[in-house]
Amino acid sequence: MLSKKTKETLLGPLSKNNPVLVQVLGICSALAVTAKLEPAFVMAISVTAVLAFANVIISLLRNTIPNSIRIIVQLVVVAALVIIVDQVLKAYVYDVSKQLSVFIGLIITNCILMGRLEAFAMGNGPWQSFLDGVGNGLGYGLVLIVIAFFRELLGSGTLFGYPIIEKIGLYSIGYENNGLMILPPMALIVAGCIIWAHRAYNKDLQEK
Amino acid sequence: MKKLRKYIDKIKPNFEPGGKFAKFQSVFEGFETFLFVPNTTSKSGVHVHDSIDSKRTMTVVILALLPALLFGMYNVGYQHYLAIGQLEATSFFTTFLYGFLAVLPKIVVSYVVGLGIEFISAQLRGHEIQEGFLVSGMLIPMIVPVDTPLWMIAVATAFAVIFAKEIFGGTGMNIFNVALITRAFLFFAYPSKMSGDSVFVRISDTFGMGAGNVVKGFTGATPLGQLATQTSGTVQLTNTVPDAVGNYTEITTWDYFLGLIPGSIGETSTLAILIGAAILLFTGIASWRIMLSVFAGGLAMALLANTFASATYPGSFVTPFDHICLGGFAFAAVFMATDPVTGARTNVGKYIYGFLIGAITIVIRIYNNGYPEGAMLAVLLMNVFAPLIDYFVVGSNIKRRLKRAKKGGTV
């Protein structure tokens, strides 16, 4: 259905070219919003939306933007989109928006965005750029959700707020939640473990 | 001994390349070199070699830990029978046996998990088995409260061995003290089982031994735990159980020094720790510079805090000498700070490293009400800075000598 190049643009960022696991970008937000699954999920959708549309807009403007001020133009586009997303979240999922607090605003500074705009949207057509934005957003979101899954399950004993550990009955045999999982350092260690597993599986990513 | 040697020689070919169990070569070698000093010699050049290899060094450290461990076992029993009010009626051996049974499972769990991971990772990487966990495995049960569940110790040990040691390259390559990472993991992951009033004295029975009801008015608070919750300006640290008329006897410097107070298993007795320190210093295994400067740093900081004592920080009213006898200070100074892998290596660096550990421990203990004890955090913090300290010591040394050489050249 899609040509090989298009497929690579869309699906590459999910694994072999993952922005978090391989390029190690966007780590700060991955640490900040992954204590629970729900905010991580919302964050993943927000970043995907902002990235996809910013890519399209910049791609359309790419031939008219003067080279010397391109970063400023990119920032203006991203900032406008982030504010729209922020307002939408405040209107429809107020609780999650409060939990995410400044981190929605900080999408502007997310390295993945600037990286994709500079590296891809400035040199490719709108459709390709849109797919690239969706792919990278999903690649970022996938890692976020995997980290949040482990942190919420082991740290709070819940999944999307559902008290799964309690239902299984682990507490009654002496199990306790791991408080360290809630703290940011553990997100870094979980991310490290995922990178470890990812590189052990994809041997071609390992440096010689 | 000869028989054992013969037996090992007999089964050895099975583990050589091509043998039946060639896969387990590293496991076999680990056991063989643990039991016998390897007799391989270098074949070329001149090598001066000490016959004490690192497995033998570790064994001496274990010996040095024994007084504190045995005392800790006795103290676990002592605190238990004191809490249930049967201390007079219980013999010395029963008291010790109770503590022994309470502590032994922790030692077993720590060794099984730690050595298990060590063996597996040595096997996977084709390394020979290193002996680093021999000491860590003994330290871990000694720095946890008696009522920390075994599965938590297992999880924390696994975490520490993998993330503090193996990923840095195994024994001798770790940045942080493995035993303290285990404790830090437990402390931050399961704070309710690592601090507070209910974990330092076991009040339930152990394998059916020592059942009984807690006497009225019992509090399981450690001296430092009491200190952290003091509100008035005058500090009073007391026994865990009241006497017949309901008064809590005040405990004194002698009690802290002897160690019949609640606390983590191996850390309470300064006396037993000092015996261990004497063994380490006599055999030349631990650095006297680090030990001395940790105590100096602690005393200096406690003296400073004591001079400017304020009611906001009740810990500042405790005398400097009491401070170094309380909590895990002495244990950290003797067994944790002197870890040759994670500590500073230059002589000047050792003084700075040790002094700062002592000072930071007291700072955390007195001025941070969130943490009753600071020894663990101080040692871990200084572990990070040890290479930096060494770097600047070496750098300034080079600069000084360069200056001297230049001066000598021109004159």
Side-chain angles (χ1 to χ4, degrees), chain A residues 20-22 24 27 30-32 34-36 143 146-159 163-166 168-203 205-208, chain B residues 105-106 109 113 117 120-121 124-125 144-170 174-176 178 180-196 198-199 202 204 206 370-371 376-377 380-381 383-384:
Chain A
V20 184
L21 297 184
V22 180
V24 197
I27 288 291
L31 305 190
T34 51
K36 291 265 163 66
V143 177
V146 173
I147 297 177
F149 172 81
F150 286 112
R151 286 185 73 192
E152 185 173 350
L153 181 65
L154 300 175
S156 315
T158 56
L159 284 177
I164 187 146
I165 300 281
E166 196 188 322
I168 301 173
L170 277 178
Y171 289 132
S172 51
I173 57 166
Y175 176 81
E176 268 187 48
N177 287 328
N178 187 327
L180 200 58
M181 277 289 173
I182 305 288
L183 304 174
M186 217 50 194
L188 201 60
I189 290 173
V190 175
C193 289
I194 297 172
I195 294 178
W196 182 3
H198 186 243
R199 290 166 75 96
Y201 181 71
N202 296 304
K203 292 215 162 34
L205 290 175
Q206 295 172 11
E207 291 93 356
K208 286 284 157 339
Chain B
K106 291 188 169 50
V109 164
V113 173
I117 292 172
I120 290 168
S121 80
L124 287 178
R125 295 197 217 169
V144 295
V146 65
D147 263 354
T148 304
L150 293 176
W151 71 266
M152 286 183 187
I153 296 178
V155 170
T157 307
F159 176 86
V161 172
I162 295 172
F163 289 99
K165 190 166 165 191
E166 295 304 340
I167 62 168
F168 285 102
N174 46 317
I175 297 174
F176 297 106
V178 177
L180 281 181
I181 290 288
T182 310
R183 195 182 196 282
F185 182 88
L186 285 168
F187 186 82
F188 288 107
Y190 309 109
S192 67
K193 297 289 179 197
M194 282 303 285
S195 50
S198 58
V199 290
R202 177 169 289 189
S204 62
T206 300
Y371 303 117
M376 166 185 85
L377 298 169
L380 286 176
L381 182 69
N383 279 172
V384 182

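The sequence lines fix the lettering, A, B, ..., with proteins before strands; numbering per chain opens at 1.
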Which word best sums up how the rings of Tyr175(A) and Trp151(B) line up, parallel for under 30°, tilted for 30 to 60°, or perpendicular for over 60°? parallel
Looking at CZ of Phe159(B) and CD1 of Ile189(A), how far apart are the two atoms once the value is rounded to the nearest 0.5 Å? 3.5 Å
Of the non-hydrogen atoms in Glu176(A) and Tyr190(B), which two are nearest, and what is the gap between them? O-CE2, 3.5 Å
Heavy-atom cut-off 4.5 Å, strictly under: side chain, backbone, both or neither for Met181(A) against chain B? neither
Measure the spacing between CZ of Phe163(B) and CE of Met186(A) and express it to the nearest 0.5 Å. 6.5 Å
Mark yes when over 12 heavy atoms from residues, nucleotides or ligands other than Phe150(A) sit less than 6.0 Å from its CZ; otherwise mark no. no
